[in-house]
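To start, the structure itself, in structure tokens.
Throughout, numbering of the chain's residues begins at 1 and tracks the sequence. Remember, it's 1-based here, ligands and their atoms both numbered in the order they're listed.
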Amino acid sequence: MEFKKIGVVGAGTMGLGIAQVCAQSGFEVVFNDIKMEIVDKAVNRITKLLSKDVDKGKITAEAKDATLGRIKKSENVEDMADCDVIIEAIVENMDAKKSLYQKLDAICKPEAILATNTSSLSVSELASATKRPAQFIGMHFFNPVQVMKLIEVVTPLQVAQATIDAVMDLGVRLGKEPVPVKDSPGFVVNRILTMGSNEVPFMLHEGVATPDAIDKCMKLGANWRMGPCELNDLVGLDISIAIRETLYAEFKEPKYRPSPFLYQMIRAGFLGRKTGKGWYEYDEDGKIIGINRSVFK
Ligand code: CAA
Ligand code: NAD
């Protein structure tokens with residue numbers, strides 16, 4: 001199966017990176033969100049990132065323009081009718097995703113593949129909400145998509161081998177390292193990552209250490225590339241809690257129980273880098289200014 005045109009639904013943290021990587025790899029991209037202003041903002045961010053790459057001499061100005069020229073902005077699901085594959089990266093919510101897939105299933109061409117970037121939700125359940133479960137798969141990218149090499153290719157029971165093969169091949173064409181994994185809550189990386197990082201909000205609430213101290217400990221003491229608080233802010237506290245809730249609901253294991261402190265943070269609007277405040281505070285370019293003084297007084 002040859003892919004030429006890719007639909008990317010959701011222009012948030014992940015959709016932005018996925019759309020950029022697809023366009024940079026030579027694919028036509030239909031980049032969709034519920035409102036055009038959200039897509040505009042994401043494309044502005046992609047433009048900024050590509051301009052930085054031009055300044056660094058990593059790409060030419062022509063390559064930047066060609067990449068941007070391959071991205072078609074969209075606020076209507078119907079714009080994806082002629083896409084060969086659609087990669088969904090909308091909110092981590094089962095009902096929202098199912099409702100979107102039912103619309104996509106109705107308008108997409110029969111041979112199109114539907115892929116989800118879900119972090120933890122059941123890919124089998126999403127596949128069952130469509131009339132094409134054999135052509136439904138997980139493509140779990142990692143944040144920041146432009147930099148992280150892995151794609152977990154999540155295979156539900158119903159998926160056809162031809163779909164797995166086509167998506168593995170697509171992953172390679174995107175310059176990534178696709179690894180097939182069975183559909184299971186949290187797949188591989190998030191199931192393991194959550195085990196360690198779930199302790200962090202409990203420790204912060206107990207006052208064991210401040211976010212910067214915890215991050216320093218893990219970077220210098222465990223050689224983590226990024227501390228768990230900074231990583232939590234990069235991922236988004238809303239996404240992190242959704243992953244914990246799925247793992248907790250599926251395995252019924254207290255070790256996955258989300259900290260009440262995480263819920264307090266979300267209710268206060270402190271979702272991390274994307275809202276400018278999480279465990280840390282950020283400037284407009286996403287650089288850390290300091291720890292969140294509203295929380296750690
Ligand atoms: N978007 C695009 N590019 C970015 C970026 C972003 N948000 N952040 C950093 N980069 C690029 C920089 O431009 C830079 O590129 P060059 O080498 O071309 O200059 C490169 O990444 C390195 O960046 P920096 O020098 O600024 O900083 P760094 O060396 O600390 O690297 C990092 C930043 C790549 C994010 C690194 O800290 C890292 O790997 N952190 C861990 C990330 C991680 O674990 N991600 C997985 C999260 S879990 C997940 O995604 C799954 C889920 O379902 C939640
Ligand atoms: P986000 O909140 O940054 O962005 C979600 C976007 O989806 C928003 O722009 C929202 O307007 C849009 N959206 C919501 N409903 C929509 C609909 N019906 N149609 C079109 N657009 C819609 O979220 P995110 O962090 O980019 O996460 C997106 C998905 O990727 C989630 O499933 C998440 O679990 C997964 N994921 C996230 C990360 C991460 O580090 N943040 C990593 C891997 C996977």
Only pairs under 3.5 Å count here: list side-chain donor-acceptor contacts from residues 215-226, not counting sequence neighbours, and write none if there are none.
{"unit_1": "Asp215", "atom_1": "OD1", "unit_2": "Cys229", "atom_2": "N", "d": "2.8"}
{"unit_1": "Asp215", "atom_1": "OD2", "unit_2": "Glu230", "atom_2": "N", "d": "3.1"}
{"unit_1": "Asp215", "atom_1": "OD2", "unit_2": "Tyr280", "atom_2": "OH", "d": "2.6"}

Worksheet item: Quick one: does atom 4 (C) of ligand 1 have a protein heavy atom under 4.0 Å from it?
Response: yes

Worksheet item: Would you say Lys35 contacts ligand 2, with heavy atoms under 4.0 Å as the rule?
Response: no

Practice prompt. Provide, to 0.1 Å, the distance between atom 8 (N) of ligand 1 and the closest protein heavy atom, together with that atom's residue and name.
Written response: Pro144 CG, 3.9 Å

Worksheet entry | Lys56 and ligand 1 - part of the residue with a heavy-atom distance under 4.0 Å | side chain

Item to complete: Have a look at Asn117, Val189, Leu271 and point out the one with the heavy atom closest to atom 30 (O) of ligand 2.
Response: Asn117

Response to the item:
of all protein heavy atoms, closest to atom 47 (C) of ligand 1 is Leu231 CD1, 3.7 Å

Worksheet item: Which residue supplies the protein heavy atom nearest to atom 17 (O) of ligand 1, what is that atom called, and how far is it?
Response: Lys58 NZ, 4.5 Å

Worksheet item: Any nitrogen or oxygen of Val235, main chain or side chain, under 3.5 Å from a nitrogen or oxygen of ligand 2?
Response: yes

Worksheet item: Polar-atom distance check: Asp238 versus ligand 2, any N or O pair below 3.5 Å?
Response: no

Worksheet entry | atom 9 (O) of ligand 2 [closest protein heavy-atom partner, distance rounded to 0.1 Å] | Asp33 OD2, 2.7 Å

Item to complete: May I ask whether Ala89 places a heavy atom under 4.0 Å from ligand 2?
Response: yes

Worksheet item: Is there a donor-acceptor pair closer than 3.5 Å between any side-chain N or O of Gln135 and the backbone N or O of Ala112?
Response: yes

Fill in: Distance filter under 4.0 Å to Gly12 heavy atoms, resulting ligand 2 atoms
3 (O), 4 (O), 6 (C), 9 (O), 26 (O)

Response to the item:
To atom 31 (C) of ligand 2, the nearest of Ile90, Thr118, Val91, Val77 on a heavy-atom basis is Ile90

Worksheet, complete the sentence: Of all protein heavy atoms, the one nearest atom 32 (C) of ligand 1 is Arg225 NH2, 4.6 Å

Worksheet item: Under 4.0 Å between a Lys/Arg side-chain N and an Asp/Glu carboxylate O for Lys5 and Asp82?
Response: yes

Response to the item:
of all protein heavy atoms, closest to atom 43 (C) of ligand 2 is Phe141 O, 3.2 Å

Worksheet item: How close does the nearest protein non-hydrogen atom get to atom 26 (O) of ligand 2, and which residue and atom is it?
Response: Met14 N, 2.8 Å

Discussion item. Tell me the protein heavy atom at minimum distance from atom 36 (N) of ligand 2, and give that distance in Å.
Written reply: Ser119 OG, 3.1 Å

Discussion item. I'd like to know whether ligand 1 has His140 as a neighbour, heavy-atom separation below 4.0 Å.
Written reply: yes

Discussion item. Within the 3.5 Å criterion, strictly below it, is a donor on Ser124 or Asp183 matched to an acceptor on the partner's side chain?
Written reply: yes

Discussion item. Could you tell me, atom by atom, which parts of ligand 2 come under 4.0 Å of a heavy atom of Asn32?
Written reply: 20 (C)

Practice prompt. Run down the list Thr13, Asp53, Val147 and name the one with the heavy atom closest to atom 34 (C) of ligand 1.
Written response: Val147

Worksheet item: Just heavy atoms, cut-off under 4.0 Å: does Asn143 contact ligand 2 by side chain, backbone, both, or neither?
Response: side chain

Worksheet, complete the sentence: Note: heavy atom closest to atom 51 (C) of ligand 1, options Trp224, Phe142, Phe187, belongs to Phe142

